Amino acid sequence: MTKSSALLLPLLLSLPSQNGVHAAPTITSLDELEYNEDNRLANHIFAYPAGKCASLIDADSTIYDGEWGHKFIALDGDAYHKVFGHLEGVDGSAGPPTAVDSYKDCFTACLEKGTLRSVVARPL
């Protein structure tokens with residue numbers, strides 16, 4: 001391996017896979033989601049906590065943005081609190097979890113396209 005290829009390899013490994021794009025955007029307000037003219041969610045969203053959970057999910061090559069027709073979005077701040085804060089075992093006021101070892105330790109939610117803005121924070 002030449003010196004230039006040794007320097008290029010880490011860069012190439014950090015690029016998105018052919019299956020999808022990693023490093024989903026992070027939002028702090030549900031107003032940052034895209035809604036249509038009827039105030040309904042314009043896309044299917046696969047939502048998960050920002051921070052460590054987002055890093056673990058982004059690093060997993062078996063799932064990717066666009067899979068299942070969902071946009072992957074990490075939630076922080078008020079958006080995290082509104083979507084996950086009401087769930088049992090979640091301290092929404094503390095923010096996204098930091099003591100996780102696997103993406104399997106993270107809560108996720110599917111926010112379905114067409115959901116009214118007024119109830120988008122309460123996924124089934």
Side-chain angles (χ1 to χ4, degrees):
M1 183 179 294
T2 67
K3 184 176 180 179
S4 61
S5 63
L7 294 173
L8 187 58
L9 185 59
L11 176 64
L12 292 174
L13 291 174
S14 70
L15 293 175
S17 71
Q18 292 179 358
N19 294 332
V21 177
H22 287 284
T26 298
I27 64 168
T28 58
S29 169
L30 295 176
D31 291 335
E32 295 175 65
L33 295 173
E34 186 179 341
Y35 297 92
N36 66 19
E37 62 279 352
D38 296 326
N39 271 329
R40 293 180 178 271
L41 198 57
N43 300 292
H44 292 294
I45 305 294
F46 181 67
Y48 47 89
K52 182 123 185 226
C53 284
S55 295
L56 291 166
I57 290 169
D58 287 345
D60 188 290
S61 62
T62 63
I63 59 174
Y64 52 89
D65 184 49
E67 188 169 25
W68 316 297
H70 286 65
K71 291 177 82 173
F72 281 35
I73 297 182
L75 305 181
D76 204 353
D78 189 52
Y80 171 80
H81 175 72
K82 284 183 176 176
V83 173
F84 297 114
H86 69 284
L87 299 175
E88 185 177 326
V90 173
D91 181 1
S93 63
T98 56
V100 293
D101 297 318
S102 165
Y103 71 89
K104 295 176 183 178
D105 298 327
C106 301
F107 287 100
T108 61
C110 290
L111 308 179
E112 294 303 313
K113 180 179 179 178
T115 302
L116 285 169
R117 181 189 293 251
S118 61
V119 295
V120 77
R122 295 295 185 251
L124 299 174

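What's counted below: heavy atoms across the whole structure, side chains too, no hydrogens, waters or symmetry copies. The shown structure was predicted, so the numbers you read here are calculated from the model rather than taken from an experiment.
Considering every non-hydrogen atom in both Thr115 and Val119, the closest pair reads CG2-CG2, 3.8 Å. A pairwise comparison of heavy atoms in Val83 and Leu30 identifies CG2-CD2, 4.0 Å as the closest pair. When all heavy atoms of Ala79 and Ile27 are compared, the pair lying nearest together is CB-O, 4.0 Å. What you find for Cys53 and Pro49 is that their closest heavy atoms are CB-O, 3.5 Å. Minimum interatomic distance between Phe107 and Leu87 (heavy atoms only, all atoms of both residues): CD2-CD1, 4.0 Å. In this structure, Lys52 and Thr98 approach most closely via the heavy-atom pair CD-O, 3.8 Å.
When side chains are defined from C-beta on, Ile57 counts as touching Thr108, because their heavy atoms get closer than 4.5 Å.
Taking the side chain to side chain donor-acceptor pair (under 3.5 Å) definition, one finds that Tyr80 meets it with nothing, sequence neighbours left out. Every residue meeting the side-chain contact (heavy atoms from CB on, under 4.5 Å) condition with His44, not counting sequence neighbours, appears here in chain and number order: His70, Glu112, Lys113. For Asp31, the salt bridge (Lys or Arg N to Asp or Glu O under 4.0 Å) partners at least two apart in sequence or on another chain are Arg117. Judged as a side chain to side chain donor-acceptor pair (under 3.5 Å), and not counting sequence neighbours, the contacts of Asp78 are Lys82. Legend: residues meeting side-chain contact (heavy atoms from CB on, under 4.5 Å) with Ala47, ordered by chain and number and at least two apart, are Ile45, Leu75, Leu111. Every side chain to side chain donor-acceptor pair (under 3.5 Å) that Thr28 has, sequence neighbours left out, goes to Glu32.
One finds the CG atom of Asp76 at 13.0 Å from the NE2 atom of His81 (value rounded to the nearest 0.5 Å). One finds the CG atom of Leu116 at 15.0 Å from the CZ atom of Arg122 (value rounded to the nearest 0.5 Å).
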| Do Thr26 and Ile73 pass the side chain to side chain contact (heavy atoms under 4.5 Å, CB included) test, and can you show the C-alpha distance, the side-chain angles, and the key distance before you say yes or no? | CA-CA 6 Å; Thr26 298; Ile73 297 182; over 6 Å; no
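Counting only distance, with no hydrogens or angles, the side chain of Asp105 and the backbone of Ser102 share a donor-acceptor pair below 3.5 Å.
Ring-plane geometry between Tyr48 and Phe72 is classed as perpendicular, the angle between the planes exceeding 60 degrees on a 0 to 90 degree scale with a lower cut at 30.
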